[in-house]
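Step one of this worksheet: look at the structure below.
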Amino acid sequence: MELTILVRLIFAHIMADFLLQSDAMCKGKREKGWQGLAWLFLHSAIHAMLAYIVVGDWYLWQVPVAIFFSHFCIDWLKTKKMRKGIPSFLLDQLLHLVVVVALWNWAIDGSIPADVLLSIWENPKVWAFGIAYLIVLKPSSLLLTMFFHRWTGELGSSSLPNAGKWIGYLERLLILTFILIGNFEAIGFLLAAKSVFRFGELSKARDIRTTEYVLIGTLSSFAIAILVGLVANSF
């Protein structure tokens, strides 16, 4: 029952923040004056009522009250003081999640044992996995950039800005995750899927250098992610 409350609160948040929030509401919250405040009030009220209904404990009237005021303040900060973009979106969702977890902890009388959080903090496996995810992002990207610097000038570029970098980020994150959960077969499917998408580009390439460049880049990125995943998994 204790975990059920948390799951229900998260369900209510996702439902109200994404499925029940229209485009008009999103735009309205950014309007100046009382119009923007009215949209914020409506959006926060929907969150509060839905959370109260989904939790289903009518004695916990503090839940909708806390949800309403916290959501109103967080969304006001996001819409009035921050620019639209991924950073503001992630910060907004993180703050909402913190409120949800705090409410859940209060609803179960603060019975989340402190030693559980401490054991997670002191677990070397957690830190090893964290280091692995950090390595396959920026350090690996910088290493590959330096490795390919000798060939970059020889190839023209008609791709989206930084598209290759983000493709590398995503593929290494996926590979590392597959290794950490022991699903090595998925790596083969990922390589096959990337090969299918690249086939048209490589078949139309005028120069064999393009094919070699793509193959070296893919295999290098995969090799780094696999090596880091195997080392992290040894913990």
Report summary line: side chain to side chain donor-acceptor pair (under 3.5 Å) pairs touching residues 124-142, sequence neighbours excluded, are Tyr133-Thr177
Query raised in the report: How many angstroms lie between atom CD1 of Ile10 and atom CG of Leu97, to the nearest 0.5 angstrom?
Result: 6.0 Å
Query raised in the report: Do Phe147 and Leu143 have side chains that get closer than 4.5 Å, going by heavy atoms?
Result: no
Query raised in the report: Do Ile226 and Ile175 touch side chain to side chain, with heavy atoms closer than 4.5 Å?
Result: yes
**Report entry** Residues that Trp58 engages under ring-ring contact (aromatic ring centres under 6.0 Å, His included), provided they are two or more places apart
**Finding:** Tyr52
What pairs of donor and acceptor atoms, side-chain ones from residues 81-89 against any protein atom, are under 3.5 angstrom apart with sequence neighbours left out?
unit_1, atom_1, unit_2, atom_2, d
Ser88, OG, Arg83, O, 2.8
Ser88, OG, Gly85, N, 3.3
Ser88, OG, Gly85, O, 3.0

**Report entry** Verify same cluster id: Leu6, Val99 (apolar side-chain graph, 4.5 Å)
**Finding:** yes
Report summary line: side-chain hydrogen bond (donor to acceptor under 3.5 Å, both in side chains) with His13: of His96, Gln93, His71, only one passes, and it is Gln93
Requested in this report: Any side chain to side chain donor-acceptor pair (under 3.5 Å) involving residues 220-235? Give me the pairs, sequence neighbours left out, ordered by first then second residue.
Outcome: Glu171-Ser221, Arg172-Ser221
**Report entry** For Asp92, all residues meeting salt bridge (charged side-chain N to carboxylate O under 4.0 Å, His left out), sequence neighbours excluded
**Finding:** Lys78
Name each donor-acceptor pair under 3.5 Å that joins a side chain in residues 24-41 to protein atoms two or more places apart or in another chain, with its distance.
unit_1, atom_1, unit_2, atom_2, d
Lys29, NZ, Gln21, OE1, 2.6
Lys29, NZ, Asp75, OD2, 2.9
Arg30, NH1, Thr79, O, 3.2

**Report entry** Greater than 12 external heavy atoms within 6.0 Å of Phe184's CZ
**Finding:** yes
